[in-house]
Amino acid sequence: MRLCRFVLPESPENPRLGLLEGDAVRDVTEATDVLPPLRWPLAPGDQLIANLPQVRERIAQIAGNAPVLPRESVRLLSPVANPSKFVCGAGNWKHHGAPFGMMGFMGKAVTSLTGEGEGVELRWPDRVTVHEPELAIIIGRECSNVSVEGALDYVAGYACALDMTLKPEREDWAFCKSFDTYGVLGPCMVTADEIADPSALGYKFWVNDELRGDRSFADLTGSPAQMIAFASSAMTLYPGDLVLSGAADVAPVEAGDVMRLEIPGIETMVTKVSVSTEARKTVWGSGAG
């Protein structure tokens with residue numbers, strides 16, 4: 001199943017649930033009626049991912065009669081609405097020469113989350129922003145201190161991800177990764193039952209028409225299962241949490257660029273780079289003004 005979130009041009013404030021089917025989106029928003037009502041205090045994580053089995057059962061019942069929309073007529077959001085955290089792989093490719101886990105993980109603010117149709121917006125356009133095409137592993141159930149052997153049992157699905165990063169000068173990596181729109185996820189979540197072995201996947205990545213990466217996830221130092229197990233040894237993972245594989249291909253982007261990340265078996269995500277309406281020049285030593 002390929003679950004997506006989207007909005008219609010006439011109601012951009014109302015996200016909807018869909019099934020991505022090639023060049024079409026089947027609107028299955030009605031299936032969210034099975035979600036339990038929320039009460040304070042909210043449980044950590046994403047409510048839909050936490051109740052995915054019930055949602056999928058309802059989708060199976062209604063999908064045949066659900067409206068079908070052209071993909072080009074909707075704006076795709078992140079398929080996960082409310083992760084509690086990003087867990088970002090660091091130095092996690094064999095050519096980096098670092099033992100798995102030596103660098104721990106990096107993080108980024110969840111407010112950086114965006115979708116294919118929203119794009120990357122440069123808030124500090126006078127500074128260099130780089131792309132980092134990656135595999136996103138979406139946690140399906142709360143877990144802590146799980147084994148490598150059992151780790152994939154806690155996965156809800158997989159998606160394409162771009163871990164955009166401001167090139168650091170003085171700043172900490174967590175700050176540089178946390179700008180709004182610097183965590184691109186999409187175009188859909190492919191549920192885990194469709195991916196027998198995530199390490200067998202790979203990607204191709206283009207900026208405009210320039211191929212900038214062609215990799216196999218078999219060349220990760222730590223596999224998706226190892227990443228989950230290692231992360232859960234230090235922190236509790238919740239439904240919807242995003243574990244990113246780590247970057248092998250890092251290079252600058254500019255406003256006007258179009259990035260295309262293809263992971264066969266998942267999907268192709270195409271997103272644009274622009275200058276944010278909130279853009280400003282970097283100012284040091286004069287406060288926030």
Side-chain angles (χ1 to χ4, degrees), residues 1-3 44-46 49-50 52-53 56 78-80 83-108 110 132-163 177 183 185-186 188-205 213-249 261-267 269:
M1 193 170 284
R2 299 180 177 225
L3 293 170
D46 185 276
I49 302 297
L52 189 58
R56 291 189 63 178
S78 163
V80 180
S84 77
K85 55 185 164 294
F86 281 89
V87 180
C88 304
N92 193 33
W93 287 83
K94 292 175 182 177
H95 67 267
H96 291 149
F100 175 63
M102 184 182 75
M103 299 176 66
F105 289 104
M106 298 181 185
K108 62 196 299 161
V110 294
E132 299 184 14
E134 306 187 20
L135 174 69
I137 305 147
I138 302 165
I139 299 299
R141 295 185 288 137
E142 181 179 335
C143 60
S144 178
N145 208 26
V146 301
S147 67
V148 173
E149 294 74 19
L152 296 184
D153 294 339
Y154 292 89
V155 174
Y158 303 90
C160 300
L162 291 170
D163 181 12
K177 290 179 173 290
L185 194 73
C188 62
M189 179 183 76
V190 177
T191 52
D193 57 292
E194 291 197 16
I195 307 294
D197 179 10
S199 294
L201 302 174
Y203 74 79
K204 289 186 177 181
F205 176 68
D214 185 351
R215 305 279 180 176
S216 167
F217 292 117
D219 292 327
L220 291 172
T221 307
S223 68
Q226 288 173 302
M227 293 186 74
I228 294 167
F230 181 48
S232 75
S233 73
M235 64 193 80
T236 301
L237 301 176
Y238 292 102
D241 281 359
L242 305 173
V243 180
L244 304 189
S245 60
D249 298 295
L261 175 57
E262 175 186 340
I263 302 180
I266 296 184
E267 270 289 345
M269 180 172 72

* Got a sec: does the CE of Met103 have more than 12 other heavy atoms crowding it under 6.0 Å? -> no
* Report the relative orientation of the aromatic rings in Phe105 and Phe230; use parallel for angles under 30°, tilted for 30 to 60°, perpendicular for over 60°. => tilted
Student check: side-chain heavy atoms of [X] and [Y] closer than 4.5 Å:
X: Ser144; Y: Glu142; value: no
X: Arg56; Y: Asp193; value: yes
X: Cys188; Y: Leu3; value: no
X: Ser199; Y: Pro224; value: yes
X: Leu237; Y: Val87; value: yes
X: His95; Y: Arg215; value: yes
X: Asp163; Y: Lys177; value: yes
X: Ile138; Y: Leu242; value: yes

To the nearest 0.5 angstrom, please state how far the [atom1] atom of [X] sits from the [atom2] atom of [Y].
X: Asp46; Y: Asp241; atom1: CG; atom2: CG; value: 9.5 Å
X: Leu52; Y: Met189; atom1: CG; atom2: CE; value: 5.0 Å
X: Leu261; Y: Lys204; atom1: CG; atom2: NZ; value: 12.5 Å
X: Asp197; Y: Ser223; atom1: CG; atom2: OG; value: 8.5 Å
X: Ile137; Y: Leu244; atom1: CD1; atom2: CG; value: 8.0 Å

Are any side-chain N or O atoms of [X] and backbone N or O atoms of [Y], one a donor and one an acceptor, separated by less than 3.5 Å?
X: Asn92; Y: Leu220; result: no
X: Thr221; Y: Trp93; result: yes
X: Arg141; Y: Ala156; result: no
X: Lys108; Y: Phe86; result: no
X: Glu194; Y: Met1; result: yes
X: Ser232; Y: Cys143; result: no

How close do [X] and [Y] get, counting heavy atoms only, and between which atoms?
X: Gly202; Y: Ile263; answer: O-CG2, 3.3 Å
X: Pro264; Y: Leu201; answer: O-CD2, 3.4 Å
X: Val155; Y: Ile228; answer: CG2-CD1, 3.4 Å
X: Gly45; Y: Ser84; answer: N-CB, 4.1 Å
X: Pro133; Y: Asp249; answer: CD-O, 3.1 Å
X: Pro79; Y: Leu185; answer: CD-O, 3.5 Å

* Set of residues satisfying ring pair (Phe, Tyr, Trp, His ring centres under 6.0 Å) with respect to Phe205, sequence neighbours excluded -> His131
* Asked: Looking at residues at least two apart in the chain, or sitting in another chain, which of them share a ring pair (Phe, Tyr, Trp, His ring centres under 6.0 Å) with Tyr203?
  -> Phe217
* Met269 and Leu162: CA distance, side-chain angles, deciding distance, side chain to side chain contact (heavy atoms under 4.5 Å, CB included) verdict -> CA-CA 10 Å; Met269 180 172 72; Leu162 291 170; 3.9 Å; yes
